[in-house]
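All remarks here apply to the structure that follows.
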Amino acid sequence: MSFLTMLQVMGNGMLKSIGIFLWTLLLSLPLGLVIAVIRQKKLPVVTQIIKIYISLMRGTPLMLQLLVVFFGPFYLFKIRLSDGYRFIAVLIAFVLNYAAYFAEIYRSGIESMPIGQYEAATVLGYSKTQTFLKIILPQVIKRIFPALTNEVITLVKDTSLAFSIAYVEMFTVAKQIAAKETTMLPFVIAGVFYYVFNFLVAFISERIEKKMDYYR
Amino acid sequence: MNILNIEHISKSFDDLCVLKDISFSVSEGEIVSIIGPSGSGKSTLLRCATMLEYVDQGTISYMGQPMCRMGGDGKPLYVKGREEKEMRSRYGLVFQNFNLFPHFSVLKNIMDAPVKVQKRPPEEVKKQAYELLEKMGLQDKADAYPCQLSGGQQQRVSIARALAMQPKILFFDEPTSALDPELTIEILKVIRQLAAEKMTMVIVTHEMNFAKEVSHKMIFMDKGVIVEETTPEELFRSDNERTKRFLGQYALR
């Protein structure tokens with residue numbers, strides 16, 4: 001197999017990896033925020049459920065969670081799902097897992113906000129929603145941005161875990177080619193792909209951080 | 001008509017009774033200073049008057065309209081919804097540590113609430129904001145961010161922010177306690193200027209000489225009660241042991 005063919009075949013896998021990455025971010029960032037906000041309300045039962053959920057997501061391997069989400073419906077309920085479910089399963093597992101981590105990062109940011117910001121907003125008559133969206137959240141995002149970047153970089157690398165349920169993203173392709181052609185080259189390409197991807201993530205994140213640098 | 005009427009309010013945090021049966025009123029154009037040792041309940045009183053805390057007992061009204069009144073079950077009933085919003089725009093509060101919004105420019109700090117909360121036309125608010133900035137001597141700081149300003153400048157912005165809401169009464173919670181003597185003078189100058197314009201104000205302060213000079217009425221609080229409420233001249237000539245001891249500490253400095 002020529003280098004170009006290899007790149008072409010792997011290119012398809014790369015698109016799948018990028019797909020997992022983008023969809024996971026798109027869904028888990030808002031979901032994590034919603035979870036963090038609901039937790040702030042300190043409703044006893046709900047808070048407990050959220051705590052258990054976060055503890056499970058953080059306490060077990062993402063690969064195991066992928067297997068549970070993918071095989072669970074059949075093993076537990078004898079539901080046969082079409083092949084399209086493979087991608088859905090990847091998304092469910094990734095989004096649930098990452099939302100848990102993001103929720104904790106948001107919480108750290110929200111709880112670090114000085115009470116005076118809320119009080120000033122209250123006295124000026126802002127509603128609770130306005131206070132959160134206009135005053136608190138923008139400052140929270142600035143505070144948690146480095147931690148978020150960390151998590152996003154981990155996500156890039158974690159997309160390779162989708163191979164565990166035979167979802168054909170880039171890493172799966174790389175392994176197949178390497179085995180068939182007995183060459184290290186696909187692993188090198190995979191390595192470069194992840195590195196460049198993360199380099200871009202770090203670059204963009206730095207730009208955004210600079211943009212938010214106008215205040216302390 | 002009184003701008004503010006507070007009648008028999010009490011407030012406890014758990015078992016700690018911070019305000020005990022406090023009553024006083026502020027009439028239009030009046031300047032009232034509240035003095036007293038730390039933990040005497042001065043700040044809590046302001047926080048209750050501005051709905052940052054809710055009282056356990058008593059009534060508070062602004063311009064004759066109740067913000068909270070006693071319900072049938074002995075618990076205070078607060079205004080809600082639109083009425084609450086309307087009530088909040090009757091007063092402003094200046095904090096000890098400014099609490100400006102750091103991610104907003106000076107101009108946006110001043111303009112945002114009048115536009116977004118009071119829904120006033122942005123053009124009109126902008127004009128007023130620039131007038132206020134000029135009054136505060138900060139006309140060149142409209143586009144600056146709070147972190148680029150000194151403490152005294154930040155406090156002046158926060159006064160401008162409160163005034164932009166066109167309140168009927170302005171509360172100050174130890175407005176100079178976070179500032180050095182030089183910056184303190186800046187702020188006191190601004191308050192004097194507001195006094196000259198007949199702004200109704202309630203000032204919690206440790207600046208005794210300033211309070212004496214600027215206020216029509218002084219309230220001395222200790223352990224959650226009003227010990228004395230009288231003119232500055234009377235207060236500084238008081239026979240009350242507690243008052244004398246407190247004021248004596250300042251004379252010794």
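Order of the sequence lines fixes the chain letters, A, B, ..., with proteins taken first and strands second; residue numbering starts at 1 for each chain. Just so you know, these numbers use all the heavy atoms, side chains as well, and skip hydrogens, waters and symmetry mates.
Ranked by heavy-atom pairs under 4.5 Å with chain A, the list B:Leu93, B:Asp112, B:Leu100, B:Thr50 is led by B:Asp112. Ranked by heavy-atom pairs shorter than 4.5 Å toward chain A, the options B:Pro102, B:Pro114, B:Pro167, B:Pro146 are led by B:Pro102.
The aromatic rings of A:Tyr215 and B:His103 are tilted relative to each other, their planes meeting at an angle between 30° and 60°. Note on ring orientation: taking the six-membered ring where Trp is involved, the planes of A:Phe171 and A:Phe187 are tilted (angle from 30° to 60°).
Both the backbone and the side chain of B:Arg161 have a heavy atom closer than 4.5 Å to some heavy atom of chain A. Heavy atoms of A:Lys134 lying under 4.5 Å from chain B belong to its backbone as well as its side chain. Proximity to chain A involves both the backbone and the side chain of B:Phe101, based on heavy atoms less than 4.5 angstrom apart. Heavy atoms of B:Phe98 lying under 4.5 Å from chain A are absent altogether. Looking at B:Leu52, the atoms closer than 4.5 Å to chain A (heavy atoms on both sides) all sit in the side chain, from C-beta outward. Neither the backbone nor the side chain of A:Tyr118 has a heavy atom closer than 4.5 Å to any heavy atom of chain B. Interface remark: B:Asn97 contributes no atoms to any contact with chain A (heavy atom separation under 4.5 Å).
Around the CD atom of B:Glu28, the shell of radius 6.0 Å holds no more than 12 heavy atoms that belong to other residues, nucleotides or ligands. Sparse packing is recorded around OH of A:Tyr195, with 12 or fewer heavy atoms of other residues, nucleotides or ligands lying under 6.0 Å away.
In this structure, the side chain of A:Arg39 does not engage the main chain of A:Arg107 through any donor-acceptor pair within 3.5 Å.
Look at A:Glu104 and A:Lys51 and you find no salt bridge, because none of the NZ, NE, NH1 or NH2 atoms lies under 4.0 Å from a carboxylate O.
Between A:Glu151 and A:Thr154, the side chains place no donor N or O within less than 3.5 Å of an acceptor N or O (distance only, hydrogens not considered).
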